[in-house]
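Some notes on the structure that comes next.
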Amino acid sequence: MMSLRASSQVPLPREISLCEPRDAREHFRRLGFYEAMGLSGHPLVVLLGKRRLDAAMACAVSRASHLDRVTHYGAWLGTSTVDIVDPSVLAPVADHGTGTGSGTRPVIDPDTSGGTSDG
Amino acid sequence: MHATTGGPYTSDTGSVPGRGGCRSIDYISRMEHGVVIAVGSGKQGKSCSLHSLISLCWPDRPKCMLDRMEYDVSVFPGYTRVSSPSEVPVGSVVVVEDVNRVFHSRGSSRDATLQRWLGIISHRSNVVCITTQSMADTDVAFVRSQDAVVMHKRMHEEDLAFERPEFRVNQALANHWISRSVGRHPEVDERAWCFFPRFRETVPIPKVDWWSYANSHMLREAVI
């Protein structure tokens, strides 16, 4: 199961791809309860839900073998901590026919975002 | 982390501003001394990306290649070849391809040459750039007490299993984030992507225009 999850090309959400099945069932049951009560968006519910999810993933990581733990850790970091730099940021500028301009970089407008956080 | 400042090679001319730019390229451009390590499995673009990075960050800085084997260095425009650390010019960027050939992974326990050299690269304003197929095959002296920037390429699962534990997590992350970057930008050659864990960035380093088959097979005619 760990290998299948690690090798999967399908972008599964953290709750499904990282937790033990019983932890995931508990997580979604709790979410369903708060949603039925109309409290799913309450800041305290969101905060507690995140803490429980982190604790569940920590348990899953601690139970896994080393390499699985590495994969879990990588997926746990999720999509919010690494920037994928857009190729246009570092694209060489044309130097008016004298060469391809390798080694020179365009000046970036400070108001232009140079990267995209994948999240 | 703080960029090393001062010296003739830390000018901001042509550099991308940190705000809105690329953190890793920005920092590396400002390095006066330190170590850049390109790690990844074979034929994943380590050398091409490393030379492209050097061209991007230090276009006007002297460059040399450190290797005891004889080969034609003319395929690397602007580079000279040196055969020992004592020949490395002051202020230059020095490239060591497949570092385990030149400095054995456990060599510093028997020979202090590497340690003596790395101890003075800050005085001589040298940036040492190395390529290696795994950190397990690399002398840890390169990352001890140095301003070291690790640039990850893809690593096969079999190689990852034998990687040093200290670097295994970042390498697994690199595989993950490079795959994501390839998926997001399919128009970019997948071997252009490099993961810098220190700066939490995957960067598509544009290939230098002079890179060719001869560069990636420079030791084809070398005598062992």
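Here is the naming used below: chain letters follow the sequence lines, and residue numbers restart at 1 for every chain. Keep in mind it's a predicted model, so treat the numbers as computed, not measured.
Distance CE/B:M135 to CG/B:D137: 10.0 Å, rounded to 0.5 Å. The SG atom of B:C57 sits 5.5 Å away from the CD1 atom of B:I28 when rounded to the nearest 0.5 Å. Note that the NZ atom of B:K153 and the CD atom of B:E190 stand 10.0 Å from one another [nearest 0.5 Å].
Heavy atoms of B:Q171 lying under 4.5 Å from chain A are absent altogether. In this structure, chain A has no heavy atom under 4.5 Å from any part of B:F196. Heavy-atom distances place both the backbone and the side chain of B:V203 under 4.5 Å from chain A.
The local environment of CD in A:E35 is sparse, with at most 12 non-hydrogen atoms from other residues, nucleotides or ligands closer than 6.0 Å.
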